[in-house]
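See below for the structure under consideration.
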Amino acid sequence: MNISRKPLLIIAGPTAVGKTDASILLAQELNGEIVSADSMQVYHGMDIGSAKSTLEQRTAVRHHLIDVVEPDQPYSVGDYLRQARQALDEIVRSKKFPLVVGGTGLYIRALTRGLFQGPPADPQLREEFMQEEASKGPGFLHATLRNLDPEAAVKIHEHDLRRIVRALEVYHLKNRKLSEFHEEHALQNKPYEFTLVFLCRARSDLYARIEERIDRMIASGLENEVRTLLGRGFSPDLVSMQGLGYRHFAGYIQGALSRNEAEALLKRDTKRFAKRQFTWFRREPDAIWIDITGISDAREILQHIKKHPAVKKYIEI
RNA sequence: GCCGAGGUAGCUCAGUUGGCAGAGCAGAGGCCUGAAAAGCCUCGUGUCCGCAGUUCGAUUCUGCGCCUCGGCA
């Protein structure tokens, strides 16, 4: 069997929708292993805030792509793609069932449709670009991009510095336009056959669950987790420390926010994040939406997933 | 009970010298190819507390009522 054509079951959904518990039950039923698709759970030591599954759950079902880097190590989609593919091959080779679970849309898109062959991030170069923007005035980088790669400049808003810098970075490192890379790649190659399930709930239901989950995170020691990370010398400026919960509690610990503000902002920002996840997956043409509004029991959630025709074929193996 | 202040968008409030009302926040929609839990864009009609009066016209003025918040009892 061609390993690269092994079908994949992907369970996605916004934060706090109920992916984790249900997918662990499913993995147990199928004798499978879970490949996480979560940009925060890759960080070692960030457990409570990133809502990792428990140690018991991870003992019961083998997990991949969790705790793969320290919070101060750079990590990005490219790293994720390589590691996730490797993990999937390994799972298939060991005759287990691969189950991808997570809410990071970009990671899932990379896994299902690949990534263009661009250069990895170059932090120093990025810093130089940012300095230039600062010294030559706002709009300078976008104007530069308009000259070098007009097609890309049209698509990237002039305030979206992060993407402007990336486009310039690609041009400088490869001497080729980002827009050319994109045209070539076009997100069309699908290395795996897959079924992508997006679990969803009514906004009011999801938002209530988000608040409850954050209350639970706080009760189980989120503040201490953040204090420990800061105590180990991890800067609040790190990408990992910009994650939901981490940046809020770092702000509180450092005195920029009151405890109540930190909590309220964390809840607000998590809801906003969930909204962006909806937007992302709405545009994902292959996503099969399964509404589990009002259902909180993991076994019941699993039943809903399993009875969907697109998922059934996996279960009947 | 008396005195004062106020009742305008989900919340906090601004405003209309009388001509069908507008900010912040919350919220909603969208973008996204190596920072993606990040970053970026767009979006404001609501019995202007109720009833009556004055007026061509009232959310705005007048009267009465209801409610809220202070202070005094």
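Numbers restart at 1 for each chain; the letters A, B, ... are given by sequence-line order, proteins then strands.
Taking a pair to require two hydrogen-bonding distances under 3.5 Å in either a Watson-Crick or a G-U wobble arrangement, B:A21 remains unpaired. Shown here, B:C69 forms a base pair with B:G4; the pair counts as Watson-Crick or G-U wobble because both key distances fall under 3.5 Å.
A:Tyr207 comes within 4.0 angstrom of the backbone, heavy atoms only, and of no base.
Rounded to an integer number of Å, the gap from CG of A:Asp38 to C1' of B:A36 is 11 Å.
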Atom pairs and distances, donor-acceptor, side-chain atoms in residues 229-251 of chain A, under 3.5 Å, two or more places apart:
| unit_1 | atom_1 | unit_2 | atom_2 | d |
| --- | --- | --- | --- | --- |
| A:Arg232 | NH2 | A:Glu70 | OE1 | 3.1 |
| A:Ser235 | OG | A:Asp237 | N | 2.9 |
| A:Ser240 | OG | A:Pro71 | O | 2.7 |
| A:Gln242 | NE2 | A:Pro236 | O | 2.6 |
| A:Tyr246 | OH | A:Gly49 | N | 3.0 |
| A:Tyr246 | OH | A:Ser50 | N | 3.4 |
| A:Tyr246 | OH | A:Glu225 | OE2 | 2.5 |
| A:Arg247 | NH1 | A:Gln242 | O | 2.8 |
| A:Arg247 | NH2 | A:Asp269 | OD2 | 3.3 |
| A:His248 | ND1 | A:Gly245 | N | 3.1 |
| A:His248 | NE2 | A:Asp269 | OD2 | 2.7 |

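Between A:Phe181 and A:Phe116, the ring planes lie tilted relative to each other; the angle falls in the 30° to 60° range.
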Could you write out each protein N or O paired with an N or O of nucleotides 38-40 of chain B at a distance under 3.5 Å?
| unit_1 | atom_1 | unit_2 | atom_2 | d |
| --- | --- | --- | --- | --- |
| B:A38 | OP1 | A:Arg247 | NH1 | 3.1 |
| B:A38 | OP1 | A:Arg247 | NH2 | 3.1 |
| B:A38 | OP2 | A:Arg276 | NH1 | 2.5 |
| B:A38 | OP2 | A:Arg276 | NH2 | 2.9 |
| B:A38 | O2' | A:Arg162 | NH1 | 2.1 |
| B:A38 | O2' | A:Arg162 | NH2 | 3.4 |
| B:A38 | N1 | A:Arg163 | NH2 | 2.9 |
| B:G39 | O4' | A:Arg162 | NH1 | 3.4 |
| B:G39 | O2' | A:Asp160 | OD1 | 3.1 |
| B:G39 | N2 | A:Asp160 | OD2 | 3.3 |
| B:G39 | N2 | A:Arg163 | NH1 | 2.9 |
| B:G39 | N3 | A:Arg163 | NH1 | 3.1 |

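For A:Arg268 and A:Phe273, the positive end is not near the middle of the six-membered ring at less than 6.0 Å and at most 45° from its axis.
In this structure, A:Gln41 and A:Lys271 both approach RNA chain B, and ranking their closest nucleotides by distance from the 5' end singles out A:Lys271.
Under the side-chain contact (heavy atoms from CB on, under 4.5 Å) criterion, A:Asp160 pairs with A:Ile156, A:His157, A:Arg162, A:Arg163, not counting sequence neighbours.
Comparing B:G19 with B:C48, their P atoms are spaced 15 Å from each other, to the whole Å.
No salt bridge links A:Glu151 with A:Lys155; every basic N to acidic carboxylate O contact stays at or beyond 4.0 Å.
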